There are 2 protein chains.
Amino acid sequence: MERLTRVRIADIAHKAGVSAGTVDRVIHNRGEVSPRTRQKVEAIIREMHYEPDLLASTLASKKTYRFASLLPKSDHESLFWLQPAQGIEKAFKRIKHYGVAYQPYYFDYHNNNSFFDACNKLLEVPPDGLIMAPLFADLAAHFTDRAVELGTAVVFINTHINHSSQRAYVGQDAFRSGKVAAQLLDLCTCCEGELGIINIINQKGSSGHLMSREEGFLDFFAQKKSSHKKISTINVQARPAVSIHKELSENLLGMDGEIKFKGLFVTNSRVYQVADFLENTNKGPLRVVGYDLLDRSLAHLQKGNIDFLISQNPVAQGYHSFMALFDILVRKKTIEKRQYLPIDIVTRENIDYYLKHQNND
Amino acid sequence: MERLTRVRIADIAHKAGVSAGTVDRVIHNRGEVSPRTRQKVEAIIREMHYEPDLLASTLASKKTYRFASLLPKSDHESLFWLQPAQGIEKAFKRIKHYGVAYQPYYFDYHNNNSFFDACNKLLEVPPDGLIMAPLFADLAAHFTDRAVELGTAVVFINTHINHSSQRAYVGQDAFRSGKVAAQLLDLCTCCEGELGIINIINQKGSSGHLMSREEGFLDFFAQKKSSHKKISTINVQARPAVSIHKELSENLLGMDGEIKFKGLFVTNSRVYQVADFLENTNKGPLRVVGYDLLDRSLAHLQKGNIDFLISQNPVAQGYHSFMALFDILVRKKTIEKRQYLPIDIVTRENIDYYLKHQNND
DNA sequence: TTTTTATCCGTGTGCGCACACGAAATTAGA
DNA sequence: TCTAATTTCGTGTGCGCACACGGATAAAAA
């Protein structure tokens, strides 16, 4: 069957009584057009609802868009950051025909110097678009400004910081995710009882994330008028498993050696460490909610030591970040500044589909 | 920055000592090539890892791919089918530059004759690809076969039927979604108590869907060794609200006029009708799980008459169905025959993001 | 007016590919 | 051996657009 006929530059040129070259100059603001003809052409473009053919356009153009990412290296300790990278890769494959090149940069998320170095290296040849995980808020803000001055479009991923020069944030609403966790624990602990919030804090990294989650959690119960639930917060320093166990047993166990909580909310992906601890402990009906689909947590989900994991949709974060840059730079669309992804509730029974779905598309 | 250089047909032609036209004939199996040169060219194509430039290819080709969909008309009673249509529209916008045309067809899902008629009309000019909601299993199977004979690639959406000539099924694993519902009710009803499964059945339509969900629900408790939960099934004919209320009160209320269940699982989107009924009833701590994000159900989710809604991801279903056809026909990729989408658990607290996410992309 | 300069605009080429047409090479027929 | 019928192949054109180049026209200077 024949192709549907679109409006072409030639059509506009003809109708306006000018040449294609002139129309082209109008479209691209390349100047060298008299105000009179410019207006005439612009009017006809609107009138005929002209939209450029992105295919022909990229084919004819030799331009290459340079995209870059700046993410934490994912080490043995946390494979989380592998997933946004996968999503980015997926998006990259989809649109690389459109003349986009991609270069990833990594830093050590325990070490702000490595973030600093990576930024500097990256900005030696400023890319057109940059996906940044702004873990060290001050540094990130500084470099974002510098990048923007150099003409780079910056998108934040996963972690939100208050800043204005970035073009978008793609990630989860941390506060809201805390409310979700609260609701789950509320629904699942029918009798009265104490709930615990466990923050496992990494001294170097930013913990604003965790705070928002905790606040959301508390807010849920504050909103709810009739709540008999007592809630206490436990802060623990992140370190190897063994030493955490000691701290946990001090905080979680009652005099009788039994867990004194009905529900626990672990505010990050370290929830598997809590589950490790719980496994060998005398616990009653205890519900545990945590974050992220790390292998070690999944094993506990399977065994029932963890009931719910809140997924941050890391793959989708990567995918959408990349697409956001594509929309801005190539498709010249305006995009939403805050792109919140769904707060997926994952249990043993629906886990398969979240895992599988990370590879598709 | 300059474009990255890909391998072009001209490169292959040069290396093989033939002309571009010959290479073209090899690539498209258009014959008129001697076996000797054919093999030589094929070898070089592999050797150089040639991949056609989809952009240039569609630009040069005048071919139009005709896609069609056959979905239920969404009436005032159920807006569900609006959403797959939205997803399809979204995908269509994304890829229409590649020379795809799209024509939707609709039928009345109370009426198998209208399905029959729509199929016949559709097949007068068989499309290249078809997305079908196979609600009437026998008819659907028959027409799928006919369409496939006429060279149409068929993809099933939302409802799965046992058949082989379709190219893929995009939708939810109904059985598994029942297990998810079961787990939710199990976690949320700590004390012993009775659970109810409510099937609100539409006489004409296929109910295989609902059965799988019920089976999954039951299977969960069968798998679980130590379950004190009693489970009973209640079948109700779908009809206007008032007459349903009568049936429900007969089945759900005990002698004392109180709900005798701790949890209810409504196996389809009619859950709002149950919630309507519950609203004016003396209920204890009752958990309700149902399907789909219809407005009327959402209102109840908000008010707490429904606790969980399982989303079928209808928008994504539409989107992925269309993309499946695109992959098959345009990109010539092989795709997975069963494309299960995540079983999203939706509560009052995370609903926003599922609703919003339906419009983006 | 003529020349110079600046402003405005049309034409041509190529991006990588699909496809038509006709030329060359090969084979069959006489 | 020469011609006719195939088979095999090369060349040319255009898809819609970006961009370079140079020509035309108008404005400024002589």
Side-chain angles (χ1 to χ4, degrees), chain A residues 1-42 44-45 48-65 96-100 330-332, chain B residues 1-42 44-45 48-65 96-100 330-332:
Chain A
M1 186 177 173
E2 288 312 295
R3 191 72 160 287
L4 12 124
T5 52
R6 326 172 81 242
V7 179
R8 298 159 302 163
I9 283 186
D11 299 323
I12 296 183
H14 181 252
K15 188 154 188 180
V18 297
S19 77
T22 303
V23 177
D24 179 72
R25 254 159 275 160
V26 171
I27 292 175
H28 294 88
N29 287 315
R30 268 203 229 100
E32 310 199 346
V33 177
S34 74
R36 231 171 61 83
T37 45
R38 155 178 294 270
Q39 284 167 17
K40 189 166 164 191
V41 170
E42 280 172 345
I44 294 184
I45 285 178
M48 300 183 73
H49 301 108
Y50 169 76
E51 303 184 48
D53 182 333
L54 197 53
L55 269 63
S57 172
T58 52
L59 182 63
S61 166
K62 292 190 182 342
K63 195 188 307 161
T64 295
Y65 296 92
K96 68 175 169 202
H97 324 106
Y98 290 93
V100 301
V330 183
R331 300 176 63 193
K332 325 268 188 217
Chain B
M1 189 180 173
E2 289 309 297
R3 191 72 161 286
L4 12 125
T5 52
R6 325 171 82 243
V7 180
R8 297 158 303 162
I9 283 187
D11 300 324
I12 298 186
H14 180 254
K15 189 153 187 181
V18 296
S19 76
T22 302
V23 177
D24 179 72
R25 255 159 275 160
V26 171
I27 291 174
H28 294 87
N29 286 315
R30 267 203 227 101
E32 310 199 347
V33 178
S34 74
R36 229 170 60 83
T37 45
R38 156 178 295 271
Q39 285 169 15
K40 188 167 164 191
V41 170
E42 281 173 343
I44 294 183
I45 285 178
M48 298 182 75
H49 301 108
Y50 170 75
E51 303 184 47
D53 182 333
L54 196 52
L55 269 63
S57 172
T58 53
L59 182 63
S61 167
K62 291 186 181 348
K63 196 188 307 162
T64 294
Y65 295 92
K96 68 176 170 201
H97 325 104
Y98 290 93
V100 300
V330 184
R331 301 176 63 192
K332 325 264 187 223

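A note on names: the letters A, B, ... follow the listed sequences, proteins ahead of strands, and every chain is numbered from 1. The figures that follow rest on heavy atoms only: side chains count, while hydrogens, waters and symmetry mates do not. Since this is a predicted model, take the numbers as computed values, not measurements.
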Exercise for review: Hunt down any stem DNA chain D takes part in, defined as 3 or more consecutive Watson-Crick or G-U pairs whose two distances are each under 3.5 Å.
Suggested key: C:4-7 with D:24-27, C:9-30 with D:1-22
Revision key, fill the gap. B:L59 CG to D:dA18 P, in whole Å, measures 12 Å
Exercise for review: Round to a whole Å and report the spacing from NZ of A:K332 to C1' of D:dA18.
Suggested key: 13 Å
Review point. Distance-only, no hydrogens or angles: does the A:H14 side chain make a donor-acceptor pair with backbone N or O of A:A10 under 3.5 Å?
Key: no
Check your understanding: If the sugar-phosphate is the primed atoms plus P, OP1 and OP2 and the base is the rest, what is the B/S/- string for nucleotides 6-12 of chain C, using protein heavy atoms under 4.0 Å?
Key -> --SBBB-
Practice item. Could you tell me whether the phosphate oxygens of C:dC15, OP1 or OP2, come under 4.0 Å of any side-chain nitrogen or oxygen in A:Y98? Key: no
Practice item. Return the value, rounded to whole Å, for the distance between atom CD of A:E51 and atom C1' of D:dG16. Key: 14 Å
Study note, to complete from the structure: Result for side chain to side chain contact (heavy atoms under 4.5 Å, CB included) between A:Y50 and one of A:I12, A:I44, A:V23 points to A:I12
Point to revise | For B:E32, all residues meeting salt bridge (Lys or Arg N to Asp or Glu O under 4.0 Å), sequence neighbours excluded | key: none
Check your understanding: Going by atom types only, do A:S34 and A:T37 share a side-chain donor-acceptor pair under 3.5 Å?
Key -> yes
Review point. Side chains of B:H97 and B:T58: does their closest heavy-atom pair fall under 4.5 Å?
Key: no
Review point. What is the distance, rounded to the nearest whole Å, between atom CD1 of B:I45 and atom P of C:dC17?
Key: 11 Å
Review point. Over how many whole Å does the gap from A:N29 atom CG to D:dA18 atom C1' extend?
Key: 15 Å
Review point. Which residues pass the side-chain hydrogen bond (donor to acceptor under 3.5 Å, both in side chains) test with A:S57, sequence neighbours left out?
Key: none
Every protein N/O lying under 3.5 Å from an N/O of nucleotides 25-27 of chain D:
none

Review point. B:K63 NZ to C:dC17 C1': how many Å, rounded?
Key: 12 Å
**Study point:** Spacing of B:I27 atom CD1 relative to C:dC17 atom P, expressed in whole Å
**Key:** 7 Å
Review point. Sub-3.5 Å donor-acceptor pair from the side chain of A:R30 to the main-chain atoms of A:V26, do we have one?
Key: no
Point to revise | Test item: B:Y98 and B:L55 side chains (from C-beta on) under 4.5 Å apart, heavy atoms | key: yes
Review point. Looking only at side-chain N and O atoms, does A:H28 come under 4.0 Å of OP1 or OP2 in D:dA18?
Key: yes
**Study point:** Integer-rounded Å distance: C:dA20 C1' and B:R30 CZ
**Key:** 10 Å
Check your understanding: With side chains defined as the heavy atoms from C-beta onward, is the minimum distance between A:V100 and A:T64 less than 4.5 Å?
Key -> no
Point to revise | Closest listed nucleotide, where the reference is the side chain of B:A60 and the choices are C:dC17, C:dC19, C:dC15 | key: C:dC17
Review point. Is the phosphate of D:dG16, meaning OP1 or OP2, less than 4.0 Å from a side-chain N or O of A:Y50?
Key: no
Review point. Passes side chain to side chain contact (heavy atoms under 4.5 Å, CB included), B:I45 versus B:V7? Steps please.
Key: CA-CA 9 Å; B:I45 285 178; B:V7 180; over 6 Å; no
**Study point:** Contacts of B:R8 that satisfy salt bridge (Lys or Arg N to Asp or Glu O under 4.0 Å) - sequence neighbours left out
**Key:** B:D11
**Study point:** Nearest-0.5 Å distance that lies between atom NZ in B:K332 and atom CG in B:L54
**Key:** 9.5 Å
